[in-house]
Amino acid sequence: MPKHESQHTANGLNNEQLLAGWLEGTLDKGTGLQFEKRCLEDDSFASQVETANFFAAGAELFQGEEVPSWDAEKTFLGPQKSPWWTWQGLPALSLATSFLAIVMLLTGLQIQTRDGALTISFSDQHSSQEVERLVAVKLSEFKLAQQLAMNNYSQGIQQQQIDASGRLTEYLLGASRKERREDFAELIKHVNEQRTDDQLFYARQVSKLQQDIFANPFEGGLSPTNQ
Amino acid sequence: MFEKSDEQLIAKALQGNMQAWLNLLKRHEKSIYNYGIRMTGKNEDALDLMQEVFISVFRNLGRFRGEGSFKSWLFSIAHFRCIEFYRRKKPMQALDDIPELSSQDKSMDENLYITQENQQLVQAMQQLPLSQKTVVELKFFGQFTFAEIAEQTGISSNTAKSRLYVALEKLKTLMEVDYAQA
């Protein structure tokens, strides 16, 4: 391992980093002190700094050579069309469209076309015309539904009444027939009972007369009981 | 005062305006040429490399998004063209290998036409591996931050710092040798 790589400080800056910081002028107060201390304590580091200083000075004093005449036009290879994705305005256009999208989102922009009219609104809420239209549509729908329900209900009631009156008529007719039948049956029964009673009465009378006749055949059939 | 920015020149060049492209080239050719000198050690190679870099830049101009500076983007292309250049010249040598001086390289002085002051720095840099030389070049001559160097070369910032430190150790030794010889 090279000597400079092993020389780390508490701050973690090794010789390479210290020298690099010094060359770029990025050393702060603490690292600046560290740099000076390293220069005093480490001869090889000081020597490196000296070489860097020498080279930096040499580079500043370096007199650039003049370019000999050459065919510069040969490097111009003709007009070239840069690809569309390298267009300089693309980032700006991208930013602008993003901004527009954000504005559209935040303001709730709505674009509607109805009956050949283009409407642009900046709110999520509907316009009053739109609300009125929606209310009218809802009301007409509600009215239609109500009418239909009423028709169905009245038809139902009517049918129910017809059924009920029919059943009542049938009942009444049926009931009167049954009553009359029962009355006649009762009357016939009474007449039959009366007739039976009469038959018994006459049978007893005849029987009694028969007994009287057999008991007193000469008294004209009169029994003592008849006296 | 009314000089057009790099981005404006690029936009015009993309539309086919050759003059705008040549103006852009004029603005950056010296830095790329000297970058080539320091990276290759030869004027002719530097000129070839510069040409390759600008052809590559023109081909990729449409992909420049303007997210960083044009200079930084230009040097990142220069870095990759330089690696290709090295691989073409020395296919058997890894980027981290210390360059072996061939007979062609030994005659570098004859092929390098630069001022005496610059020569010492350039010659010392030629003896660094390409990976270290790149960091030294971008840090001291390109004045880039370690973060920018990391982005341009596709390494981490800490690796860039480490490579610079190792390169400086090597350069110190080389400079001492040079002084001793002088």
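Residue numbers start from 1 in every chain, and the chains themselves are labelled A, B, ... in the order their sequence lines are given, proteins ahead of strands.
- Separation of atoms CD (A/Glu16) and CZ (B/Phe146) is listed at 9.5 Å; rounding is to 0.5 Å.
- A side-chain donor from one of A/Trp70 and B/Glu29 sits under 3.5 Å from a side-chain acceptor of the other.
- In the displayed structure, B/Lys12 atom NZ is contacted under 6.0 Å by at most 12 heavy atoms of other residues, nucleotides or ligands.
- If you measure heavy-atom distances from A/Glu50 to chain B, you find no contacts under 4.5 Å at all.
- Side-chain contact between B/Met125 and A/Phe55 is present, with at least one heavy-atom pair separated by less than 4.5 Å.
- The most heavy-atom pairs under 4.5 Å with chain A, out of B/Leu47, B/Val136, B/Asn158, B/Thr145, come from B/Thr145.
- Scanning both residues, A/Thr75 and B/Phe54, for their nearest heavy atoms gives CG2-CB, 3.9 Å.
- From B/Glu169, atom CD reaches atom OG of A/Ser47 across 8.5 Å, with rounding to the nearest 0.5 Å.
- Annotation for A/Gln160: atom CD does not count as buried by contact number, only 12 or fewer foreign heavy atoms lying within 6.0 Å.
- To the nearest 0.5 Å, the span separating CZ on B/Phe140 from CD on A/Glu60 amounts to 11.0 Å.
- Heavy atoms of B/Leu22 lying under 4.5 Å from chain A belong exclusively to its side chain.
- Taking 4.5 Å as the limit, some side-chain heavy atom of A/Phe62 sits within range of a side-chain heavy atom of B/Arg38.
- Under the 30°/60° scheme for interplanar angles, the aromatic rings of A/Phe45 and B/Tyr165 are found to lie parallel.
- Between atom NZ of residue B/Lys161 and atom CD of residue A/Gln17 there is a gap of 5.5 Å, rounded to the nearest 0.5 Å.
- Under the 3.5 Å distance criterion, the side-chain polar atoms of B/Asn34 are matched with a main-chain donor or acceptor of A/Glu65.
- Chain A forms more heavy-atom pairs under 4.5 Å with one residue of B/Gln51, B/Met18, B/Glu52 than with any other, namely B/Met18.
- Of the atoms belonging to B/Leu168, heavy atoms from both backbone and side chain fall under 4.5 Å from chain A.
- Electrostatic pairing of B/Lys139 and A/Glu24 counts as a salt bridge here, judged by a charged N lying under 4.0 Å from a carboxylate O.
- Across B/Phe141 and A/Ala59, no two heavy atoms sit closer than the pair CE2-CA, 3.5 Å.
- By the neighbour-count criterion of 12 heavy atoms within 6.0 Å, atom CD of A/Glu141 is densely surrounded, having more than that number from other residues, nucleotides or ligands.
- Contact annotation for B/Phe144: only backbone heavy atoms (N, CA, C, O) come within less than 4.5 Å of a heavy atom of chain A.
- Taking both residues in full, the closest heavy atoms of A/Phe54 and B/Leu121 are given as CE2-CD2, 4.3 Å, listed atom of the first, atom of the second, then distance.
- Using a 4.5 Å heavy-atom threshold, the side chains of B/Asn17 and A/Phe76 count as separate.
- Most heavy-atom pairs under 4.5 Å with chain B, from the set A/Thr26, A/Leu23, A/Val67: that is A/Val67.
- With rounding to the nearest 0.5 angstrom, the CG atom of A/Asn15 is 11.5 Å from the OG atom of B/Ser162.
- Around NZ of A/Lys37, the count of heavy atoms belonging to other residues, nucleotides or ligands within 6.0 Å does not exceed 12.
- In this structure, chain A has no heavy atom under 4.5 Å from any part of B/Lys26.
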